[in-house]
Protein chains: 4
Amino acid sequence: MPKKINKEEKKANILEASIKVFAKKGVAKTKISDIAEAADIGKGTIYEYFRSKDEIFVASFHFFLEKVDSVISRRLNRISDPLEKLLAYSSAWAEICEGNNLEYATIVLDFWAESIRNNREAIALNLVKVYDENRKIVKSLLEDCITKDKTSSVDTKIAASILIGSLEGLFIQWILDRSAFDYKEAAKISTKIIIDGLKKGD
Amino acid sequence: MPKKINKEEKKANILEASIKVFAKKGVAKTKISDIAEAADIGKGTIYEYFRSKDEIFVASFHFFLEKVDSVISRRLNRISDPLEKLLAYSSAWAEICEGNNLEYATIVLDFWAESIRNNREAIALNLVKVYDENRKIVKSLLEDCITKDKTSSVDTKIAASILIGSLEGLFIQWILDRSAFDYKEAAKISTKIIIDGLKKGD
Amino acid sequence: MPKKINKEEKKANILEASIKVFAKKGVAKTKISDIAEAADIGKGTIYEYFRSKDEIFVASFHFFLEKVDSVISRRLNRISDPLEKLLAYSSAWAEICEGNNLEYATIVLDFWAESIRNNREAIALNLVKVYDENRKIVKSLLEDCITKDKTSSVDTKIAASILIGSLEGLFIQWILDRSAFDYKEAAKISTKIIIDGLKKGD
Amino acid sequence: MPKKINKEEKKANILEASIKVFAKKGVAKTKISDIAEAADIGKGTIYEYFRSKDEIFVASFHFFLEKVDSVISRRLNRISDPLEKLLAYSSAWAEICEGNNLEYATIVLDFWAESIRNNREAIALNLVKVYDENRKIVKSLLEDCITKDKTSSVDTKIAASILIGSLEGLFIQWILDRSAFDYKEAAKISTKIIIDGLKKGD
DNA sequence: CATGAATGAGATTTCATTCAT
DNA sequence: CATGAATGAAATCTCATTCAT
């Protein structure tokens, strides 16, 4: 009887390792042997689970998105107040990065860049979908935050894009220069400012 | 010194070409021969002007920043009203992109990723400086926009970071999916919302 | 010794499979896993019966020759007329191929090439022996065919080589392009022509 | 001004070298580095002229066929008597082999085997075409050899196939065991027997 | 015994850089 | 100066063989 193995688990192991190496060295400079070493397996073993380096890249991208998604939704599920939810959402990225003690920032930039370049392919669609879903979540949270009797003249879909955009834009600045400001603080302020601005706008 | 000028012109020509190719294929997947072809010169000629691919990368980054900076400051100089200035600043990126018909976003992401990862002094410091300067500009414009009698409790430096962040964050979303919203419109709204939010906040 | 028999059966099973795959993909491009799959056993199991891929190659060659030999001699034993025997011999290859629905030609060419190139005693000697035996059989059949009163000036050993050669040469042409001619028909004609030629020659 | 190079000449050089190595080691066991070494160039240079090892294989196959063709037709052009032409044709292969002091036999077997396996592809069609042309040449030579008043009942197209087949079949036997008979002698005898057989047959 | 997951030696292929022309 | 042919270091990828289960 042969050793029976959980292929999906092993794949996840490899992706876990690849994400770590991608984050540290960058996707372009990561060699298959680096991933193998990080996963503590042989170079050839990688090819038992993935057909090519590119396939690993795409798979690790999806894997990463799913993981981030699940972390964020788990976190949001524990909160009921919409403003609190928004604030929790705002600081999630920073905590994911810090919590994993990993430079996820760079891998995200690599993923973004690659997604944009391969705009029409599966990987980009996935990211587009992720943004769409996030915009919907934030949109509905924003609508809950703004008093019902005072409808803002601003489209909440665009407002959601702006909020998400500000969080990511801040994130980039913060990653480049962590002394520029405190990310969590800035994220919270951004959220509040945008809500305030929406309430006032009319 | 006509020769010197000629040399600088040729270098600029190569950098123009390299930026185009970097944007389209990504820095990592760009071959020296791609750049040579785009610049319409021989592969070996590149090495008359740059010592290595890496030197081209760094130089093209600086070249790119200078170009963007000059476009933006030229544009701002023609405007006096602070709010108008802010709005002009907001939409600058989109126009740079559209005007050049180039996915500048991807090259910026590559630059970001590379500078963060390798902590390259030449690039990273430069990028930090650029953000610092931009924050200062936006900070002072924001202060001009907010009525003097109503001082917001929010630090305008952080507010500037938030505004810049939202513009870049929106930019990324827009590049990924141009049907999600109209970038210029969203940039304008974001600027207004943040100003409104700042005015209200206390 | 039931175990021994079982073992031989399994070996034969693997060789059957390997011959099929060798014929389809070529010896060089055949992977051990291909053979395992064709034999419907595990990859590792192969190594319970053979020490290496090369050993399989040599063994499958012998196995193949034995099989062809037994088919031909069984067929010839049922016939007594020497001309009929020769004609039966002539069409044997085509029937072996068609009966097995296999491109035996390619495996034979691989075997030939490999034995010539590497001067492998195990294979080459065997092949030389096979040809020698066949030439002897055909030689004696030819001698029976030619009327005793008219001895041809041609050495019947060379004549046998020519007959065998023509059958194999036709076989190659036919395998390459089955629409070129009908193999069995051509084999029969070749046999007759050569006998006629021998009878006339003086 | 760059070094100007004749690409086709260089390609021919590489093919010349590859054929030598293929003949010695077999197509399957030949490494790119073997070819590079034989051509006395760098490993990477090969890829300036051919996209892959497989492309080299196909190209060298065509190159080889052309070369053999030109040798044979040059030889035939110098002869006018049809029987002499046939005999010259018969011994051509042996002389090509001996004259080049190369084991062309094995490369031919490799090419045959590969052609048969990839039956529907370009390489096979080429070989099919070569046989077709040769059959036509031999057919017309045969028709010239047989007296006009005595039409043989045998289709000369099949007779041509048989003659070509016998030459190649003898060639294989001779390559396997050069002591079995003298190839040129056997080729000549075969040609005569077949002509005699054709004349008598009806 | 039978298995197939794991392996790494060794093959193919890429491409930044050099350098003769 | 300008060039592109040549190169080989270094990457990707393959697969015969081993071995724990």
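Just so we're on the same page: letters track the sequence lines, and every chain starts at 1.
- For the OP1/OP2 pair of dA5(E) and a distance below 4.0 Å, the side-chain nitrogens and oxygens of Thr45(A) include no atom meeting the criterion.
- In this structure, Glu48(C) places its CD atom 9 Å from P of dT3(E), rounding to the nearest Å.
- When the options Lys43(A), Lys25(A), Lys24(A), Lys29(A) are evaluated for a side chain to side chain donor-acceptor pair (under 3.5 Å) with Asp34(A), the one that passes is Lys25(A).
- Counting heavy atoms from C-beta outward, Phe64(C) and Phe22(C) have side chains that stay 4.5 Å or more apart.
- Across all strands shown, dA20(F) forms a Watson-Crick or G-U wobble pair, both distances under 3.5 Å, with dT3(E).
- Each of Arg51(A) and Gly44(D) has a nearest nucleotide on DNA chain F; the 5'-most of these lies closest to Gly44(D).
- Rounded to whole Å, the distance from CD1 on Ile46(C) to P on dG4(E) is 12 Å.
- Between Lys31(C) and Glu37(C) no salt bridge is recorded (no basic side-chain N to carboxylate O distance below 4.0 Å).
- For the pair Lys7(B) NZ and dC1(F) P, the interatomic distance rounds to 7 Å; values are reported in whole Å.
- Atoms CD1 (Ile41(A)) and P (dA5(E)) sit 13 Å apart, rounded to a whole Å.
- What separates NZ of Lys43(A) from C1' of dG10(E) is a distance of 9 Å, to the nearest Å.
- Base-pair partner of dA11(E): dT12(F) (Watson-Crick or G-U wobble, both distances under 3.5 Å).
- Between the NZ atom of Lys53(C) and the P atom of dA9(E) there is a distance of 20 Å, rounded to whole Å.
- As a whole-Å value, the separation of Phe50(C) CZ from dA16(F) C1' is 16 Å.
- Each of Gly42(B) and Asp40(D) lies near DNA chain F, and the nucleotide nearest Gly42(B) is the one positioned closer to the 5' end.
- Mapped onto DNA chain E by nearest heavy atom, Tyr49(C) and Asp54(D) fall at different nucleotides, with Tyr49(C) at the one closer to the 5' end.
- Using a 4.5 Å cut-off on side-chain heavy atoms (C-beta onward), Phe57(D) and Ser52(D) make no contact.
- Below the 3.5 angstrom threshold, one finds no donor paired with an acceptor across the side chain of Lys31(A) and the base of dT12(F).
- dT17(E) atom P lies 4 Å from atom OH of Tyr47(B), rounded to whole Å.
- Under the rule for a side-chain contact (heavy atoms from CB on, under 4.5 Å), the partners of Ala39(D) that lie at least two apart in sequence or sit in another chain are Ala17(D), Ile41(D).
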